[in-house]
Structures are given as C-alpha cells and as structure tokens.
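To start, the structure under review is shown below, and the notes come after it.
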Amino acid sequence: MTGTMDMGMGALRRAYASGATTVRATVEAALARLGDADQDAVWISTADRARILAEADALDARRGQMADLPLYGTLFSVKDNIDVGAMATTAACPAFAYRAPRDATVVARARAAGAICLGKTNMDQFATGLVGTRSPHGTPTNPFNPAAIPGGSSSGAGVSVSTGIVSLAFGTDTGGSGRIPASYNGIWGLKPAPGDWSRAGLVYACRSFDTPTVFAATLDDVCAVDAVVRGRDPADGFSQTITRAPARAPRIAVPERIETFGDDGVAALYDGLRGALGDVGTVDLDRFRAINDLMFFGPFLSERDVAVGEFIAAHPDGCDPVVRDLVLSSRKFTAADAYRAQYAVADCRAALAPFWDAHDVLLTPTVGRIVTRQMVADDPLGPNFGNGYYTNFANPLGLAAISAPVGRAPCGTPWGVTLYALPERMETLIAAARGIVFRPARAAEELTGEDP
C-alpha cells in the first residue's frame, strides 16, 4: 500500500480544521491511489474526476461551516447495487447496467452531510454470496492474506476501507454481507435493523429484509454515519420510524457452544475474548439459527427471483453460473411455502422473547472459520453457507448488529465478532461495543508501511 494519509474521520476533521490539509488534497491523494495493486478488482467504476474535485473545492470554501457538516470532507465508496446519481449501477453484472437517475437515499444523506463519493465497488453478483468471489470483475485481494477471501457480498466495500483509500463504505446486508467483510478485513461494520435506514435506490436481493450498511475503521465512524442516514423515508415502503431507548448497562449473552468447523485459530481468538468478557449469560444459539436455512435453502430465496430472476432468465449466459442457478432454483417454492416461512419466523421471534427480556445483546463470532479462495474454488457453495452460520438469522428476526475486529488468526487473516440487539436497543448495543476492548487487526504503522 502506498497511501500514508490517515483516513479516519476524526483525524481528517482535525487536519481540515487546523489547515494542515484540504479536502482537495485528500481527494487527489485517493485518486492517485486508484491504480495501486491493492485496489485491483476493488472498483467497478469511479466518479468523474472533475466533478469530485469541484465538490472538494466547494467544501474547502465551506471550512468554516464544518460544525454543520458531520461528514465534512469524508471520502466514501458505494457497493454497486446502490445508486449514485449519473453513475452506472451494475450489481456486478455488466448486462444489467443502468444509469442511476438519482442518489439512493443513504448516499444523498451522506453527501448532504459533506461526504464525497469516490466510486462504486465490486461485489458478489446481485448480492448473492458471502465470499466475494462471484464477480466478472475479479476478486478483491484480502490485504492481510491474499490466500483468504475478502468476504462478501460487499467485498470491494470492505477492502476499500481496509486499504485506507476511503474512510467509509456503504454496503448492503441480507444474510451477512455487512458483517462478514468487516471480519475478513479487520474493520467495523454497522448493520441497522431492516427499515431503520432507507432502502430506496437499492437493487434488492430480498426487499422485505435487506438493509444498507456501513464499514469504517472505527466504531465512532460507523456511528457517525448511522446518525446521518437513519430515519424514515417516504420513498421506501418498508421504512420505519424506530425509537431508540437510552443506553443502559448492557446485559450480554454468548452462545453456550460455538462451531468453528475445525479452525483452531478462530477457536483460540474466541476463547481469548470470551475469557475477557467475564460473567455473561449464555444461550443455545440453535434458537436463533432455526431459520437460517430459509435464506438459501428455503422460500426466502424466492425474493431474489422477484428482484432479478426475470433478468437472469432472459440473460443466463450473462450471469455468474452459481448466482444464476441459486436464484432460478427458487422457482420450485410455492406461495404456501412462503407463508410457512413467515410463520416460522414469527414463531422464532416469539420463542426468543424470554431471551430478550433477560438480555440486551447477543455476541457471537462473525464467521466460524477463515475461508480461503481455494476452498471456494473447490466448493462454491459449502464455504458460502458456512460463512452465514452466525449471520443469516439477523435480518429476518429484525435485529441490529455491530461487527467488531478482535484480532488476526495464525494465517494472518483478521477475525471478529458481531453484537446483536433489538432495534430499539441500538444505543445499548453501541455501549456494549464501546465497553469491550477490541483490537484492530493491524496496527496503523503497518497500514502506512512505517516502522512501529
């Protein structure tokens, strides 16, 4: 990596306020990095240079108004199933491309707060996957271990933050795509409860419980974005007004047992964190996981057919074969199957009510094992389903989540945990994340190439 600029929002704001740098200089430095090797396969398209430099100059002229612009001079990337006005949206399928007439609501709100979009990032095609390898544009390189996957489906978004070219990245999450890339890239991921952030301007995977997400290097940064973009949006029929209760001392629970699929490195990282947590509650995670199979083996898969199935059926050779076959396989499910799935989710929520009466936060591994690119090449489906072991249940159950970095496995790949809560307990969820000592996967000195 050739970049040496600290892209954290706090550091940028201090540098801008002191006059040590300008927004134009930040944008120019990022543009100069787009050709670096660590950006290979990260970007599907980048913003017009003249346009974003003009945006930077306009922000420099407003430096005295920084207090009114909470994301002032912050560079961000956007997963390419989220619209950015005047740019193409492809969902990593060139034949599907269309020029977005306007920004998605989350993008528009970020830009109104002073942020600048650098471009659109690579992803598992049509957001169908948790590995980051299902794209005609290649696979972004995990910057910590090239043999590992970058995590999906928001692969380019995660890598754009972990390589330090942007401060923030918008992704999306249906079954884990706003959490799994955070784990594989040693960064933070915030997944709001479905409906808390607007879905207007997204290419949906499962519209009823999709949500945009954000990645950043710190908890403060993902929370700053949450404060800017959340809230009711009349343009999104699934948008909700969620009233958050004040934070309180979090009552945390962890699984009675975890599954690491034989990965001793992950088991050791979890055991270390578990020991540091002290006296916390426990729960049989099977209660949560009871609905996991509905995501890729049940009728929830049919929502992907509603979203993009007609296009895929008309352009079978223009689509990733794994994605194509998964989506079209959903046509075997019936309307009765979909109702049964809805009942299963409702029953699961009811069964979990006593747990949420006794606890505020569930803490689990984000992934059970470190998956390599070779594993996915050998078995395109198995590792993907395994990656969702701890994540698939969250959105159908309406939970908010924060993914946090814990450390690095012996192979060098980062690994982290995810904290879950009911949507009205988001402030307590944030408090829980602040109260646990998480360590970044890589020191800042390593990111800049300087000696510690």
Side-chain angles (χ1 to χ4, degrees), residues 3-34 46-78 82 84-86 102-119 157 160-171 187-190 192 196-198 212-231 233 244 402 426-427 430 433-434 440 444 447-448:
T4 58
M5 181 178 291
D6 186 344
M7 295 296 285
M9 285 175 53
L12 280 178
R13 288 186 75 87
R14 290 189 295 271
Y16 294 146
S18 69
T21 192
T22 63
V23 181
R24 172 178 268 266
T26 299
V27 171
E28 288 178 334
L31 290 170
R33 286 200 55 202
L34 288 172
T46 51
D48 177 75
R49 178 185 179 91
R51 189 188 82 176
I52 62 173
L53 286 175
E55 291 179 21
D57 291 341
L59 285 167
D60 282 329
R62 299 179 64 190
R63 191 175 69 175
Q65 300 173 298
M66 281 179 57
D68 300 325
L69 298 167
L71 303 184
Y72 178 89
T74 300
L75 266 65
F76 68 99
S77 67
V78 178
I82 305 174
V84 175
R102 62 187 66 85
D103 290 340
T105 299
V106 292
V107 173
R109 290 177 177 177
R111 293 176 74 171
I116 296 177
C117 174
L118 186 61
S160 71
V161 171
S162 64
T163 55
I165 193 171
V166 295
S167 305
L168 310 167
F170 283 116
I187 56 179
W188 291 80
L190 186 151
D196 199 11
W197 291 14
S198 173
T213 68
V214 67
F215 301 104
T218 71
L219 176 60
D220 284 343
D221 287 0
V222 295
C223 290
V225 176
D226 174 59
V228 165
V229 305
R230 72 175 184 247
D233 178 15
R244 299 181 179 183
I402 294 175
M426 185 67 170
E427 297 304 322
I430 294 169
R434 291 194 191 283
L447 282 173
T448 61

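Just so you know, these numbers use all the heavy atoms, side chains as well, and skip hydrogens, waters and symmetry mates.
By the neighbour-count criterion of 12 heavy atoms within 6.0 Å, atom CZ of R51 is densely surrounded, having more than that number from other residues, nucleotides or ligands.
Although no hydrogens or angles enter the test, the distance criterion places a donor-acceptor pair under 3.5 Å between the side chain of Y16 and the main chain of G73. Looking at D221, its side chain does come within 3.5 Å of a backbone N or O of M9 through a donor-acceptor pair. The backbone N or O of R230 sits nowhere less than 3.5 Å from a side-chain atom of D196 that would complete a donor-acceptor pair. Without hydrogens or angle criteria, R13 side chain to P70 main chain gives a donor-acceptor distance under 3.5 Å. In terms of modelled atom types and a separation under 3.5 Å, the side chain of R33 and the main chain of T163 share a donor-acceptor contact. Looking only at distances, no side-chain donor or acceptor of S77 sits under 3.5 Å from a matching main-chain atom of G119.
Under the 4.5 Å side-chain criterion, counting only non-hydrogen atoms from C-beta, V225 is not in contact with L190. Between R63 and Y72, some side-chain heavy-atom pair lies under the 4.5 Å cut-off. Annotation: side chain of V214 is in contact with side chain of W197 (closest heavy-atom distance under 4.5 Å).
Nearest heavy-atom pair, S198 versus D233, reported as atom, atom and distance to 0.1 Å: OG-OD2, 2.5 Å. The shortest heavy-atom contact between L118 and A30 is CD2-CB, 4.0 Å. Contact detail for A169 and A157: the closest heavy-atom pair is CB-O, 3.4 Å. Looking at every heavy atom in both residues, A433 comes nearest to W188 through CB-CZ3, 4.1 Å. Closest non-hydrogen pair, C223 versus R434, comes out as SG-NH2, 4.4 Å. Of all non-hydrogen atoms in F170 and V106, the two that sit nearest each other are CZ-O, 3.8 Å.
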Run the side chain to side chain contact (heavy atoms under 4.5 Å, CB included) test on I116 and L71 for me, step by step, so that the C-alpha distance in whole Å, both residues' side-chain angles and the decisive distance to 0.1 Å come before the verdict. CA-CA 9 Å; I116 296 177; L71 303 184; over 6 Å; no
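Rounding to the nearest 0.5 Å places SG of C117 at 8.0 Å from CG of D103. Taken to the nearest 0.5 Å, the CZ atom of R111 stands 13.5 Å off from the CG atom of L69. One finds the CD1 atom of I52 at 7.5 Å from the OG1 atom of T46 (value rounded to the nearest 0.5 Å). Expressed to the nearest 0.5 Å, how far CZ of R244 lies from CD of E427 amounts to 5.5 Å. L31 contributes atom CG, which lies 11.0 Å from atom OG1 of T26 (distance to the nearest 0.5 angstrom). One distance of note links CD of E28 with CG of L53; it measures 5.5 Å at 0.5 Å rounding.
Between R14 and D6 there is no salt bridge, since none of the side-chain N atoms of the basic residue sits less than 4.0 Å from a carboxylate O of the acidic one. Using a cutoff of 4.0 Å between basic side-chain nitrogens and carboxylate oxygens, R24 and D57 are scored as salt-bridged.
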